[in-house]
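Let me begin by presenting the structure, written as structure tokens, before commenting on it.
A note on names: the letters A, B, ... follow the listed sequences, proteins ahead of strands, and every chain is numbered from 1.
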Protein chains: 2
Amino acid sequence: MSVTSQAGPSASTVSAIKEKARRLSILSMMSTTAAGSGHPTSCMSAAELMAGIFFYAMKFDPKNPNSPDDDRFVLSKGHAAPVLYAALAEAGVFPPSRVMTLREFSSELEGHPTPRIPGVDAATGSLGQGLSVAAGLAIGARLDKSPTRVYVLLGDGEMAEGQIWEAAEFAGHYKLDNLTVIADVNALGQSDPTMYQHDMEIYRRKFEAEGFAAEVIDGHDVPSVLAALDRAKATKDRPQAILARTIKGHGFKEVAGKQHWHGKPFSKEQLAEAIKELGGPIDVPPDPGKSYERKSLPKPPDFPAPAAPEYEVGKPVATREAYGFALKRLGAVNPHIVALSGDVKNSTFSEIFQNAYPDHFYQGYIAEQNLVSAAVGLAARGKVPFADTFACFLSRAFDNVRMAAISRANINLCGSHCGVSIGEDGPSQMALEDIASFRAIHSSAVLYPSDAMSAERLTEAMARRPGINYLRTSRPKTRILYSTDERFPIPGFKVPCQSVQDEVTVIGAGITLHEALKAADQLKSEGISIRVIDLYCVKPIDGKALAEQLNATNGKLVTVEDHWPEGGVGEAVLSALTQAGVAPSKYKMLAVRDMPHSGKPDELIDAFGISARHIMDAVREIA
Amino acid sequence: MSVTSQAGPSASTVSAIKEKARRLSILSMMSTTAAGSGHPTSCMSAAELMAGIFFYAMKFDPKNPNSPDDDRFVLSKGHAAPVLYAALAEAGVFPPSRVMTLREFSSELEGHPTPRIPGVDAATGSLGQGLSVAAGLAIGARLDKSPTRVYVLLGDGEMAEGQIWEAAEFAGHYKLDNLTVIADVNALGQSDPTMYQHDMEIYRRKFEAEGFAAEVIDGHDVPSVLAALDRAKATKDRPQAILARTIKGHGFKEVAGKQHWHGKPFSKEQLAEAIKELGGPIDVPPDPGKSYERKSLPKPPDFPAPAAPEYEVGKPVATREAYGFALKRLGAVNPHIVALSGDVKNSTFSEIFQNAYPDHFYQGYIAEQNLVSAAVGLAARGKVPFADTFACFLSRAFDNVRMAAISRANINLCGSHCGVSIGEDGPSQMALEDIASFRAIHSSAVLYPSDAMSAERLTEAMARRPGINYLRTSRPKTRILYSTDERFPIPGFKVPCQSVQDEVTVIGAGITLHEALKAADQLKSEGISIRVIDLYCVKPIDGKALAEQLNATNGKLVTVEDHWPEGGVGEAVLSALTQAGVAPSKYKMLAVRDMPHSGKPDELIDAFGISARHIMDAVREIA
């Protein structure tokens, strides 16, 4: 698939690539016109670049284009999906006629790329994320000592996204010389010209400042494109950036270089004219054929059971610290694990893993969007990424998590310092919305351990579970509740306190589970028994099993969480019970309702309505 | 408060500023030691910078430090809050003894700054957001033709955040020459040295590439600091960046320039030694005094009722287009409105406002984090910002919205293209989690109109309502349901279809409201009456009023939403009903449960379980 020569590409190679570019443009226009939607002008600016990448530079097997031995390509400007599909078709991954099913209900060739499609590692379409994914793929290749290269195509509109620069500095800092960025600088955004338009030198300087070998070329001159790709491949110790000056809608006079053609397919008449200007029709057989959807997507690789955690019941250990110990135990039996942290490894304790396995730890610095999307790239290469920061800062990467789910990625995220229980740092550092946001992510599990034993066991479980796994850890030390032989299935919950006389069921998690146990003790002396449930798994929930518990207390329920009332433990429980056909007979939802501020953890837990005192009040009200 | 001179500052000025810097360092150390937590070393690297900014460059009235006539300061590196509080105290906003209440439960001087504190415009503490806020303040000043300047202090760790560069390019592009960035480059992050450490030239080049006048100085040399501030003030047509080389923990040998002192207060012994090294104690009276919490925070300014929207019932108009028309009507009566768009003004229709009021519209380009935080800055200056992008891309700014709530900001966000009903673009462009995420934001209202009339009326309401207002608009055209005299209170809902024989209550919103009305029509022919509720306000919800409706159908309920099941309309309704003491007797929750893909809108609505057909099935099951 690739032809390189010390003397540069031959005239016949150049000619062949030009013809490929022509075909890519035409297929992009044909497929979007057939679909009645899509972004042909965004594809046409990239035609020569895509042709050079796919048919000159990249080395891959069209029968197995997601193989770890293949070079990888990420289409960061995901709306140019048609030109990617055209390239995959021209490369032989599926027939060109398949491209004509673009955007149809039953086609795997969606409006924006997803990993349902062979050759695609991660979903794109939310701009600015692809360079991070590419960096993750590049790190994965490096860890595997694989010679494969990663190519990523950016648009210029998307270079306004800060994440592009997070990814660039990350790639530059880690000297990812197996990573080549190609930027399709066509000067026109969706609604206005871009900020820098064709001031190519600004882009070159920006990438150079991040440690890239950066050059500017004419993106429609095939010899220049191929020479630049050759130079990139020969560059050591630095990632490379080829800034290509291009024309949006290149090749069709009516639209070339004109604003207002973003995302507009051509009419049949325009298509005919454009094909004429582009040198005449190409032959695309009418039969769309079968689906080429990938039969199976990556799953986390299996691994032997690690050594057991060693804790004494009753001893105080923070769940955030347990996370670090668990990663270390996992690292001993699972060589695929890669941990990344957003400059808080000493707070989230992933530094315990770093100290044991320094080559498998990457400092992500204060750049959460890049942290999560790089994890997606790592996962696509079969790594088992664990990325951590404070839970509230994962909200900075919510779109990245959303796209990770569309990517069917298997990533593990740990958010520490949840809730008001962090104390004096105050609300900017307190996650109070993360249970809600992570529940609203497709394929997610939301895990919220109350003690270090369950935290460690759940971290182990994350390494096995496909999808988006989120672990919510707490800052304060809490006492060990569970012994080594306890298991924590997903879904599942524990009932650390129960009797046949229980009058009210109290469901807590994390810090509030301990508050509930305190409340249980004190209420006992008043002659009131409560059943306490540790909802260590907030999503998914086995509604039927929970309903059985609730039945034992005649439907009387209190939920208590270090989280806002919306979308958290309370709403998750209500929803699960209701869908199991059961409703509480009496219900009090305890949650943080007012905006918190600084204070000691215990002061805040009490002032904001989720302490043992409030639980007891609620129980007395409905018992 | 400011002393400038053509010849540079006098020796006595330099001496006075040095003493201020000394006092700021000491107060920062004293307050964090007293609190037992906080970030003294991060304060000490900024002492000379803060002294220069507050006591040489800035012009403000300590009795009214949030006045629009004052220069503004944003502490982007929010964990250095103690040094900000010390500066405000030294400037006379409150007594130095107040600073000693840092981080206490009852103190307004929280661990990270919030607008509870005089002189603070926006909450910081989640890094990388302050430059965007400052840009918003600068634009507000420009719109007011005010000569005030905006100063923002960045840390170097936070310059890894992509948002810093979104803000920088935005400020450079709009030539905000009333904006001065001062970067405290102390080379040490929380857990590791920063990426660039003291390679000052990289930072200078990066800011220069964004269009700033950028220079490097020794951040502890007071004459250099003051001269740089003078040069910044004299610079026209470009924002300015002063990159200051500093030492973390400067002034105290034991910690100066050493890793592992981030976020660690000094012991009493260390404090005594540090004070000695810094030239001896300062006098801080013991009485902490009363609170200096701001008595009132900005509210959106009042304005006369705009002209009414003109729609014919039955006509098809997309709610996204109605948003644009509403902004234009509002612009005619409310001069404070500023609209910003993330390069999608032609899709969200804010371009209708831009065409009418071009000076009040800012192209935000593809940079959603900056879009939202700049809106926070605008709001702090009394503007009424309306920022828009696709609803799914607002997830890119979730942390910014979270911080906006802590800032008690009054901002209005419009997210278009919600749900599967967008069609062929596919899931990367479909918001399915935004109701959940926006509900979990303190002070938010979540508005989801089903027709253009309600969309316009709700946009008007947003301009009056304090807090975070979120409007969810749809891509397809939908027919007008409501006439000009209808009102849409918050909270509230409409009942566009009801009778005394209603057997099931069906709650929908947006697209699904129309599906429910279709279902109602068809079920009528089968002899089944349903009550249809348009939940145009998903948060807040009047649970009692909703319960009354449900009672009329004996508790039989269907909810249907173009959203995931978690945290959306269904859970919001269940939660509101339950807290009103009512549970559905039978309940079906229709929502999007599987990962969607491309297709026509009607195909997708049906395939993913939320069409009229599914509503009818659900009704028949429980009727």
Side-chain angles (χ1 to χ4, degrees), chain A residues 37 103 105 110-112 123 125-127 157-158 160-163 165-166 169 173 189-192 195 202 205-206 209 343-346 363 365-367 369 395-396 398-399 402 406 424-429 433 436-437 439-440 442 564 566-567 571 574-575 578 583 587 595 597-599 603, chain B residues 37 103 105 110-112 123 125-127 157-158 160-163 165-166 169 173 189-192 195 202 205-206 209 343-346 363 365-367 369 395-396 398-399 402 406 424-429 433 436-437 439-440 442 564 566-567 571 574-575 578 583 587 595 597-599 603:
Chain A
S37 63
R103 296 174 159 244
F105 179 88
E110 299 193 31
H112 294 75
S126 181
L127 296 171
E158 76 170 321
E161 281 288 3
Q163 186 182 347
W165 306 102
E166 291 182 13
E169 73 199 354
H173 179 71
Q190 163 170 328
S191 66
D192 274 336
M195 257 187 277
I202 285 186
R205 280 194 322 203
K206 288 174 70 145
D343 194 27
V344 287
K345 58 180 174 163
N346 55 334
Q363 173 60 273
Y365 299 96
I366 303 175
Q369 296 175 96
S395 66
R396 200 63 158 272
F398 189 42
D399 191 23
R402 184 184 76 88
I406 300 171
E424 290 87 344
D425 266 358
S428 66
Q429 319 286 300
E433 65 292 311
S437 57
R439 287 181 62 236
H442 194 257
W564 301 125
E566 294 86 7
E571 287 196 356
L574 261 188
S575 190
T578 311
Y587 174 53
M595 177 58 73
H597 48 73
S598 291
E603 288 178 318
Chain B
S37 63
R103 293 173 162 246
F105 179 88
E110 300 193 30
H112 295 75
S126 181
L127 296 171
E158 74 169 323
E161 282 287 4
Q163 186 182 346
W165 306 103
E166 292 182 11
E169 73 198 356
H173 179 70
Q190 164 171 328
S191 65
D192 274 335
M195 255 188 278
I202 284 186
R205 281 198 318 210
K206 287 174 70 147
D343 193 28
V344 287
K345 58 180 174 164
N346 55 334
Q363 173 60 271
Y365 299 97
I366 304 174
Q369 298 174 99
S395 65
R396 200 63 158 270
F398 189 41
D399 191 23
R402 184 183 76 88
I406 300 170
E424 289 85 343
D425 265 358
S428 67
Q429 320 285 300
E433 64 296 308
S437 58
R439 287 182 63 235
H442 193 258
W564 301 124
E566 294 86 7
E571 288 195 356
L574 261 189
S575 190
T578 311
Y587 174 52
M595 177 59 72
H597 48 74
S598 291
E603 287 177 318

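- By number of non-hydrogen pairs under 4.5 angstrom with chain A, the leading residue of B:A436, B:G189, B:P427 is B:P427.
- Interface summary for chain A: among B:D425, B:I406, B:L574, the most heavy-atom pairs under 4.5 angstrom belong to B:D425.
- Among B:N346, B:I202, B:L127, the residue with the largest count of heavy-atom pairs under 4.5 Å with chain A is B:N346.
- In this structure, chain A has a heavy atom under 4.5 Å from the side chain of B:Q369, while its backbone stays farther away.
- Using a 4.5 Å cut-off between heavy atoms, B:T578 contacts chain A through its side chain alone, with no backbone atom that close.
- Ranked by heavy-atom pairs under 4.5 Å with chain A, the first of B:S126, B:A160, B:A123, B:G125 is B:A160.
- For B:Y365, the ring pair (Phe, Tyr, Trp, His ring centres under 6.0 Å) partners at least two apart in sequence or on another chain are B:H173.
- Ring geometry for B:F398 versus A:F398: interplanar angle of 30 to 60°, hence tilted.
- Between chain B and the residues A:A440, A:A367, A:S191, the most heavy-atom pairs under 4.5 angstrom are made by A:S191.
- Both the backbone and the side chain of A:R396 come within contact range of chain B, with heavy atoms under 4.5 Å apart.
- Ranking B:E603, B:Q363, B:H597 against chain A, the residue ahead of the rest is B:H597, based on heavy-atom pairs under 4.5 Å.
- For B:R402, the part lying near chain A is the side chain, with the backbone staying farther off; criterion is any non-hydrogen pair under 4.5 Å.
- Most heavy-atom pairs under 4.5 Å with chain A, from the set B:G599, B:S437, B:S395: that is B:S395.
- Heavy atoms closer than 4.5 Å to chain A are found in both the backbone and the side chain of B:R439.
- Here the closest heavy-atom approach between residue A:R103 and residue A:S37 is recorded as NH1-OG, 2.8 Å.
- Ranked by non-hydrogen atom pairs under 4.5 Å with chain B, the options A:Q190, A:K345, A:E158 are led by A:Q190.
- With chain B as the partner, the residue from A:G567, A:A583, A:S575 showing the most heavy-atom pairs under 4.5 Å is A:S575.
- Considering only heavy-atom pairs separated by less than 4.5 Å from chain B, the leading option among A:Q163, A:E166, A:K206 is A:E166.
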